[in-house]
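Everything on this sheet refers to the single structure shown next.
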Amino acid sequence: MPLRVHNTLSGEKELFIPLEPGKAGMYVCGVTVYDYCHIGHARANIVFDVIYRYLKYIGYEVTYVRNYTDIDDKIIRRANQEGVDYSTVSTRYIEAFDEDMALLGLEKPTFEPKATDHIGRIIEMVETLVAKGNAYESEGDVYFSVDSFPEYLKLSGRNLQEMQAGARVEVGEKKRNDMDFALWKNSKPGEPWWESPWGRGRPGWHIECSAMSMEFLGKSFDLHGGGKDLVFPHHENEIAQSEAANGCRFVRYWLHNGFVNINSEKMSKSLGNFFTIRDVLEKYDPETLRFFILSAHYRSPLDFSDRNLDEAETGLERIYSCLAAINHILSSDEESSPDEDLQLFISGPELLGKLDGVISRFHEAMDDDFNTALALAVLFDTVRCANRLIGESKFLTRKTKDLLSRIPQIFSEIGSVLGVPVSDPSDWLEKLKTKKAANLDISSEEIEKLIEERKEARSEKNFTRSDEIRDTLLKRGVRLLDSADGTTWQPSDI
RNA sequence: GGCGGCGUAGCCAAGUGGUAAGGCAGAGGUCUGCAAAACCUUUAUUCAGCGGUUCAAAUCCGCUCGCCGCCUCCA
């Protein structure tokens with residue numbers, strides 16, 4: 001099945017046909033670097049990371065550009081508050097962003113341009129727009145004239161007249177039309193500036209993305225992504241600038257991810273209801289966060305809560321437990337006899353059939369507008385079937401092992417696209433245990449001592465005492481696990 | 001007010017015309033001295049409500065109710 005993507009421009013899923021066969025150009029609006037990133041940023045970046053990886057996985061040569069907007073009102077305001085240069089602020093948060101993305105396991109885009117490295121391009125573009133009559137200078141500012149671009153608002157499906165009638169649009173005497181937006185801003189005293197034909201100034205908000213995408217991907221390219229909240233005005237304005245300046249279609253497919261919500265409300269800086277990526281990674285593994293984000297379709301809202309993260313953790317643990325069990329079986333040197341080797345237990349054929357279909361089911365899911373939730377379900381389906389085979393096999397034949405050995409390979413292939421699961425199973429499980437154990441108020445020596453005492457009690461059939469020890473430990477957050485090999489323990493809230 | 005989206009089991013979540021994926025929790029079972037853990041099995045005659053189109057609808061159309069987003073910086 002060919003790839004289909006939901007295009008905001010048409011509001012429908014469309015067949016993905018790139019400009020050049022075999023190649024894909026993709027631009028994603030990065031962050032304005034004035035603060036630490038929150039989970040909403042994590043979602044956007046993880047979603048487009050997966051899209052980038054999937055495009056490569058199905059054979060496209062992808063050029064992926066994700067910018068840093070490193071000059072903007074909020075950066076300047078922050079710098080003024082701290083009494084430092086704007087670049088001190090932007091540099092700090094660019095580094096923080098890079099660290100966060102690395103922790104989340106994101107692949108590096110092909111290019112990560114900064115707006116301030118492309119001021120020349122931006123000025124050229126503004127000059128073109130002025131020359132073509134789509135923009136005008138006014139007291140050192142340059143504005144885009146929305147009346148000069150008849151298709152304005154085609155992405156968000158709004159109506160210009162109605163928006164102008166809206167009471168919330170501020171009247172600016174410098175503008176010819178209230179809806180006109182700044183391409184270039186005259187810099188006030190104390191603000192950073194660059195020389196331009198209109199005097200010293202700095203770029204407006206939207207123009208940097210138009211200039212940088214054109215620089216790296218050309219006047220027209222395949223995919224442009226970002227959060228839903230960028231549809232208007234940011235992407236609408238990008239379209240107006242780019243198409244007016246270049247006289248051709250700007251972007252073929254517009255992709256927008258849904259928000260992360262807190263109690264069904266959008267997480268945002270202005271509402272103050274946000275968690276930074278750093279906050280969350282203190283409590284949860286990056287793969288858990290990724291798994292959580294991918295468990296919903298990228299366009300749907302996603303409710304963020306400890307409970308939902310815990311559920312994601314439990315789900316991922318199920319996958320890793322299965323993989324660990326398989327690894328354990330494959331590494332054991334237990335041998336069966338030659339005629340037993342050909343046997344496969346009842347679930348064998350079922351698992352065989354499943355395994356043959358896993359990759360194509362994964363493709364189907366992802367080809368349908370990157371349905372990662374469905375893709376994850378394919379993994380669970382395989383896990384259940386594998387567990388059943390392991391459970392009912394009285395002894396492990398060569399044939400069983402061969403069959404099971406395909407699972408880690410398949411999961412690793414899928415993991416290379418989704419970014420989960422990508423860890424060594426026992427390492428990941430061990431890490432989870434360690435994390436939980438850190439909250440206990442009892443030392444492992446103490447626990448081991450009690451386990452030893454309980455072992456003696458049990459050998460004497462003193463079950464009253466042994467159960468007492470077990471209960472005591474459980475109250476302190478330690479769960480005992482009896483097995484044929486002896487007793488081990490784990491934190492009880494796993 | 002304008003535009004857009006959503007409403008699927010206790011919870012999370014796929015499915016957008018052919019008779020409800022998957023996960024978590026719950027229940028039953030295997031195992032166990034008893035447990036726990038693990039694993040297996042199982043859990044929606046029904047998709048917010050009401051009408052309509054159709055041989056057939058959670059899926060299409062209309063209306064109603066509820067929630068959310070954008071319209072101002074925002075992933």
Side-chain angles (χ1 to χ4, degrees), chain A residues 8 11 13 28-32 34-35 37-48 72-74 77 153 156-159 161-163 165-170 205 225-234 236 256-261 263-271 274 291-292 295-297 299-303 305 307-308 310-316 318-319 321-322 325 347 361 365 368 371-381 383-384 386-392 458 461-464 466-467 470-471 473-474 479-484 487-490 492 494:
Chain A
T8 307
K13 283 184 198 168
V28 172
C29 289
V31 284
T32 299
Y34 72 101
D35 204 348
C37 287
H38 58 61
I39 301 305
H41 299 106
R43 183 181 195 190
N45 284 287
I46 285 173
V47 159
F48 288 106
D72 150 280
D73 291 352
K74 279 178 298 212
R77 194 188 315 140
L153 303 180
S156 53
R158 291 162 203 276
N159 178 296
Q161 277 69 41
E162 281 171 6
M163 288 197 69
R168 299 176 78 174
V169 179
E170 270 182 42
W205 174 32
K228 266 193 165 72
D229 46 1
L230 295 182
V231 173
F232 183 89
H234 187 54
E236 204 69 76
H256 292 99
N257 65 276
F259 301 128
V260 175
N261 292 159
N263 295 129
S264 304
E265 275 193 329
K266 179 186 173 183
M267 178 187 292
S268 77
K269 291 269 172 73
S270 34
L271 288 173
F274 64 93
F291 182 91
F292 166 67
S295 68
H297 186 92
R299 283 189 283 116
S300 310
L302 181 63
D303 220 58
S305 68
R307 180 181 169 170
N308 290 346
D310 286 340
E311 256 185 33
E313 190 173 77
T314 309
L316 188 53
R318 179 174 164 84
I319 290 175
S321 298
C322 175
S347 303
R361 286 172 69 200
D368 186 13
N371 193 336
T372 52
L374 192 55
L376 291 176
V378 175
L379 295 185
F380 281 111
D381 216 25
V383 164
R384 181 163 23 80
N387 280 336
R388 195 187 308 156
L389 180 66
I390 294 169
E392 74 187 20
R458 289 181 79 203
K461 300 255 190 284
N462 182 357
F463 295 122
T464 314
S466 78
D467 289 354
R470 188 173 63 198
D471 293 346
L473 281 171
L474 191 59
R479 176 155 49 214
L480 296 186
L481 308 170
D482 291 331
S483 79
T487 301
T488 55
W489 63 275
Q490 63 178 208
S492 63
I494 268 187

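Note that the coordinates shown come from a computational prediction; the quantities given were computed from them, not determined experimentally. Below, chains carry the letters A, B, ... as their sequence lines are ordered, and counting in each starts from 1.
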Tell me the partner of B/C3, counting only Watson-Crick (N1-N3 plus N6-O4 or O6-N4) or G-U wobble (N1-O2 and O6-N3) with both under 3.5 Å; none if nothing fits. B/G69

How close do A/S156 and A/V231 get, heavy atom to heavy atom, and via which atoms? CB-CG1, 3.8 Å

Identify the two heavy atoms, one from A/R299 and one from A/K228, that lie closest to each other, and give their separation to 0.1 Å. O-NZ, 2.9 Å

When the P atoms of B/C40 and B/A25 are compared, how many Å lie between them, rounded to an integer? 13 Å

Among B/G10, B/C71, B/G33, find the nucleotide with the atom closest to the side chain of A/R158. B/C71

Using the P atom on both, measure B/G4 against B/G62 and round to a whole Å. 12 Å

Check for a donor-acceptor pair, side chain of A/N308 on one end and backbone N or O of A/D303 on the other, with a separation under 3.5 Å. yes

Could you tell me which nucleotide pairs with B/A37 by Watson-Crick or G-U wobble geometry, both distances under 3.5 Å, or answer none if nothing does? none

Ranking B/G33, B/A36, B/A75 by distance to the side chain of A/D467, first place goes to B/G33

Who is the Watson-Crick or G-U wobble partner of B/A44, with both distances under 3.5 Å? none

For A/C29 and A/L230, the nearest pair of non-hydrogen atoms, with its separation, is CB-CD1, 3.7 Å

For B/A9 and B/A20, measure between their C1' atoms and round to the nearest Å. 11 Å

Distance check, C1' atoms only: B/C3 and B/C11, in whole angstrom units. 32 Å

Does A/V260 reach a base, just sugar-phosphate, or nothing at all? Heavy atoms under 4.0 Å. base

Can you find a side chain N or O atom of A/R318 that sits less than 4.0 Å from OP1 or OP2 on B/A38? no

Using a heavy-atom cut-off of 4.0 Å across all strands, would you classify A/D303 as base, sugar-phosphate, or nothing? nothing

Nucleotide opposite B/C31 in a Watson-Crick or G-U pair, distances under 3.5 Å: none

From CG of A/N261 over to P of B/G5, roughly how many Å is that when rounded to an integer? 17 Å

How is A/K266 classified with respect to the nucleic acid when contacts are heavy atoms under 4.0 Å: base, sugar-phosphate, or nothing? base

Gap between atoms NE2 and P, on A/H256 and B/C70 respectively (whole Å): 14 Å

Summary of protein contacts for nucleotides 14-22 of chain B, nucleotide by nucleotide, where a base hit scores B, a sugar-phosphate-only hit scores S (4.0 Å, heavy atoms): SS-----BS

Taking only the P atom of each, what is the distance from B/G26 to B/G33 in whole angstrom? 25 Å

If we take the P atom in both B/G18 and B/A36, what is their distance in whole Å? 44 Å

Looking at A/G258 and A/R43, what are the two nearest heavy atoms and their distance? O-NH1, 3.1 Å

Can you measure A/K461 atom NZ to B/C34 atom P for me and round it to whole angstrom units? 11 Å

With no hydrogens and no angle check, is any side-chain donor or acceptor of A/K269 less than 3.5 Å from a backbone partner on A/F274? no

Between A/N387 and B/C40, is there a contact of a side-chain N or O with OP1 or OP2 at under 4.0 Å? yes

Taking the minimum atom-to-atom distance to the side chain of A/D482, which one of B/C24, B/C34, B/A75 wins? B/C34

Taking the side chain as every heavy atom from C-beta outward, state whether A/M267 and A/H41 have any pair of such atoms under 4.5 Å apart. no

Taking a pair to mean Watson-Crick or G-U wobble geometry with both distances below 3.5 Å, B/C50 pairs with B/G62

Assess whether a salt bridge exists between A/R307 and A/D310, defined as any Lys/Arg side-chain N lying under 4.0 Å from an Asp/Glu carboxylate O. no

Need one value for A/S268: base, sugar-phosphate or nothing, where a base atom within 4.0 Å counts as base even if backbone is also close, heavy atoms only. base

Report yes if the ring of A/F463 lies under 5.5 Å from the six-membered base ring of B/G33 with planes under 30°, and no otherwise. yes

From CD of A/E265 over to C1' of B/G5, roughly how many Å is that when rounded to an integer? 16 Å

By the 4.0 Å heavy-atom rule, please label A/T488 as base, sugar-phosphate, or nothing. nothing

A/A296 to A/T372 - nearest heavy-atom pair and separation: O-OG1, 3.6 Å

Just call it for A/G258: base, sugar-phosphate, or nothing, with non-hydrogen atoms closer than 4.0 Å on any strand. base

Which listed nucleotide (B/A36, B/C70, B/C11) is nearest to the side chain of A/L481? B/A36

I'd like to know if A/R470 reaches the base of B/C34 with its side chain, counting only an N/O donor and acceptor under 3.5 Å. yes

For A/G227, which contact category applies under a 4.0 Å heavy-atom criterion: base, sugar-phosphate, or nothing? sugar-phosphate

Minimum heavy-atom separation for A/C322 to A/A386, with atom names? SG-CB, 4.0 Å

Heavy atoms from C-beta onward define the side chain here; which of B/C71, B/C24, B/C34 lies closest to that of A/F232? B/C71

Rounded to whole Å, CG of A/L480 lies from P of B/G33 at a distance of 16 Å

Quick check: on RNA chain B, is the nucleotide nearest A/T32 upstream (toward 5') of the one nearest A/L271, or the reverse? Name the residue that is more 5'. A/L271

For B/A20, the Watson-Crick or wobble partner whose two distances fall under 3.5 Å: none

Counting only distance, no hydrogens or angles, is the base of B/G33 paired donor-acceptor with the side chain of A/R458 under 3.5 Å? yes

Check whether any side-chain heavy atom of A/T487 sits under 4.5 Å from a side-chain heavy atom of A/R458, and report yes or no. yes

Round to the nearest Å and state the distance from A/N159 atom CG to B/G4 atom P. 11 Å

Using atom P in both nucleotides, what's the gap between B/U8 and B/C67 to the nearest angstrom? 14 Å

Expressed in whole Å, how much space separates the P atoms belonging to B/A21 and B/U16? 13 Å

Which nucleotide in the list B/A36, B/C12, B/C70 gets nearest to the side chain of A/E311? B/C12

Spacing between A/M267 atom CE and B/G69 atom P, to the nearest angstrom: 13 Å

For the pair made of CG in A/L379 and C1' in B/A13, what is the distance, rounded to whole Å? 15 Å

